[in-house]
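Bear in mind that the values here come from a model prediction, so they are computed numbers and not experimental data. Computation of the quantities below employed the complete heavy-atom set of this structure, encompassing side-chain atoms and omitting hydrogens, waters and symmetry-equivalent molecules. Convention: sequence-line order gives letters A, B, ...; per-chain numbering from 1.
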Amino acid sequence: MRSSRSELLRIYDLLLNAYGKQNWWPVDKEYHKSQGTDPREEVVIGAILTQNTSWRNVEKAISNLKENKLLSFKGILSVELEELKALIKPAGYYNQKAKRLKEVIGRTGSVDGLKSASRKELLSIKGIGDETADVLLLYAADRLSFVIDTYTKRIVKRVLGISGSYDELKTLFEANLPKDLEMYKEFHALMDEHAKRFCRKNPVCGGCPLRSLCLSVK
DNA sequence: CCCCAGGCCGCGC
DNA sequence: GCGCGGCATGGG
């Protein structure tokens, strides 16, 4: 498949130029500073809450947790299951997510535990699939693990004509990008932004920053 | 009214 | 290994 290396880097450059740095994962550092809690724990919590759910709804749930000073591993483990369900309700799937939050946090133990956990171990925890595992590794543990999501699949398919399984696409990116933590973080965030602005399910191709190299512009 | 959103699990095949 | 239904709220 042609030179994926330069193609991927070209996409990255165009998106970065169009949207600027995204500085993912979004966390409220000031809040954690004032509470003496670890902001990386919010990444783990947010990653589970946002599964198939709009970030807008996740923010409401996170806000509820903050108001009750429960936005931490300790907080999630200490609160009653039923109360947790009520607090995260706006994020949807609240019955599953409440259980999974406790399960995932109970099993990972601490964010530092993520530094040594294998991806396979994470996947064995109920509630952590491919994307969530990579989000935890990349954004919470600062480990070089590229995140694929439906947006990335869609963009790569449309722009480069490449489709594949999660693992195949993950390998494609990791084999063709420099081993740069910040780039991994930004690239995934930029893909997300791009899918929301232009590469929607029904694409808006007018003014798209990837027009020049997209195989399927309308 | 419809469709979608920063997935994952359990099942059947 | 892949496809499907279920899970649930809030916004467009």
Side-chain angles (χ1 to χ4, degrees), chain A residues 11-12 15-16 19-28 39-65 67 81-108 117 119-141 145-158 163-171 173 183-204:
Chain A
I11 290 176
Y12 178 72
L15 294 181
L16 182 60
Y19 307 131
K21 290 198 66 173
Q22 304 297 301
N23 298 310
W24 269 25
W25 188 278
V27 290
D28 186 344
R40 297 174 300 171
E41 296 182 358
E42 183 179 343
V43 175
V44 177
I45 294 167
I48 293 169
L49 291 176
T50 198
Q51 289 170 353
N52 199 39
T53 301
S54 63
W55 187 252
R56 181 182 296 275
N57 284 2
V58 174
E59 284 179 320
K60 298 179 202 288
I62 287 180
S63 174
N64 288 342
L65 292 172
E67 286 173 17
L81 182 62
E82 292 307 313
E83 190 186 345
L84 181 57
K85 287 181 183 177
L87 292 170
I88 67 169
K89 198 164 188 175
Y93 307 120
Y94 56 89
N95 289 303
Q96 295 185 357
K97 286 176 178 174
K99 281 187 204 162
R100 289 176 184 176
L101 278 171
K102 283 177 170 289
E103 171 85 10
V104 170
I105 290 169
R107 292 209 22 207
T108 54
R119 187 171 187 275
K120 200 175 234 177
E121 277 178 274
L122 294 180
L123 290 174
S124 75
I125 301 174
K126 199 181 292 185
I128 298 185
D130 287 316
E131 183 183 343
T132 306
D134 289 325
V135 166
L136 299 195
L137 292 173
L138 181 62
Y139 294 103
S145 195
F146 200 86
V147 179
I148 303 294
D149 61 0
T150 52
Y151 292 157
T152 304
K153 288 182 182 174
R154 184 196 297 162
I155 293 169
V156 166
K157 169 73 173 149
R158 282 186 186 152
S163 53
S165 66
Y166 189 98
D167 289 335
E168 287 168 342
L169 292 183
K170 178 178 174 65
T171 300
F173 279 85
M183 182 184 203
Y184 273 36
K185 291 182 179 181
E186 277 302 317
F187 206 158
H188 173 65
L190 287 165
M191 288 291 214
D192 184 277
E193 186 64 18
H194 182 59
K196 284 174 178 163
R197 297 214 206 176
F198 292 97
C199 214
R200 306 177 183 176
K201 201 156 192 174
N202 284 313
V204 179

Could you state the atom-to-atom distance from [atom1] of [X] to [atom2] of [N] in whole Å?
X	N	atom1	atom2	value
A:Ile128	B:dG10	CD1	P	14 Å
A:Asp134	B:dC8	CG	C1'	14 Å
A:Lys97	B:dC9	NZ	P	13 Å
A:Glu168	C:dG1	CD	P	11 Å
A:Ile88	C:dG10	CD1	P	12 Å
A:Leu123	B:dG7	CG	P	16 Å
A:Lys99	B:dC8	NZ	P	18 Å
A:Leu49	C:dG10	CG	P	14 Å

Have a look at [X] and say if it touches a base, only the backbone sugar-phosphate, or nothing, with a 4.0 Å heavy-atom cut-off.
X	result
A:Gly129	sugar-phosphate
A:Ile48	nothing
A:Ile125	sugar-phosphate
A:Arg200	nothing
A:Glu131	sugar-phosphate
A:Thr132	sugar-phosphate

In this structure, are over 12 heavy atoms from other groups packed under 6.0 Å from [X] atom [atom1]?
X	atom1	answer
A:Arg56	CZ	no
A:Lys196	NZ	yes
A:Lys99	NZ	no

C:dG10 to B:dC8 separation - P atoms, rounded to the nearest Å:
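Straight-line distance between the two P atoms is 22 Å.
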Please determine if a side-chain N or O atom of [X] lies less than 4.0 Å away from the OP1 or OP2 oxygen of [N].
X	N	value
A:Lys196	B:dC4	no
A:Tyr94	C:dT9	yes
A:Arg154	B:dA5	yes
A:Lys60	C:dG11	yes
A:Thr150	B:dA5	no

Between [options], spot the one nearest the side chain of [X], thanks.
X	options	result
A:Lys201	B:dG10, B:dC4, C:dT9	B:dC4
A:Asn52	B:dC8, C:dT9, B:dA5	B:dA5
A:Ser54	C:dA8, B:dG7, B:dA5	B:dA5
A:Gln96	C:dG6, C:dT9, B:dG10	C:dG6

Contact nearer the 5' end of DNA chain C, comparing A:Arg100 with A:Lys89
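Final value for this comparison: A:Arg100.
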For A:Gln51, enumerate each residue passing the side chain to side chain donor-acceptor pair (under 3.5 Å) test, keeping only those at least two apart in sequence or located in another chain.
A:Thr132
Select from A:Asn57 and A:Gly127 the residue whose nearest nucleotide in DNA chain B is closer to the 5' end of that strand.
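This one resolves to A:Asn57.
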Here's a test of your reading of the structure: between A:Ser124 and A:Asp149, which maps to the more 5' nucleotide of DNA chain B?
A:Asp149
Taking all non-hydrogen atoms of both residues into account, name the closest pair between A:Ala91 and A:Lys97 and its distance.
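Looking at all heavy atoms of both residues, the shortest contact is O-NZ, 3.0 Å.
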Parallel, tilted or perpendicular: rings of A:Phe146 and A:Phe187 (30°, 60°)
perpendicular
Is a side-chain N or O of A:Glu186 found less than 3.5 angstrom from the main chain of A:Tyr184, in a donor-acceptor match?
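Not a single qualifying donor-acceptor pair exists.
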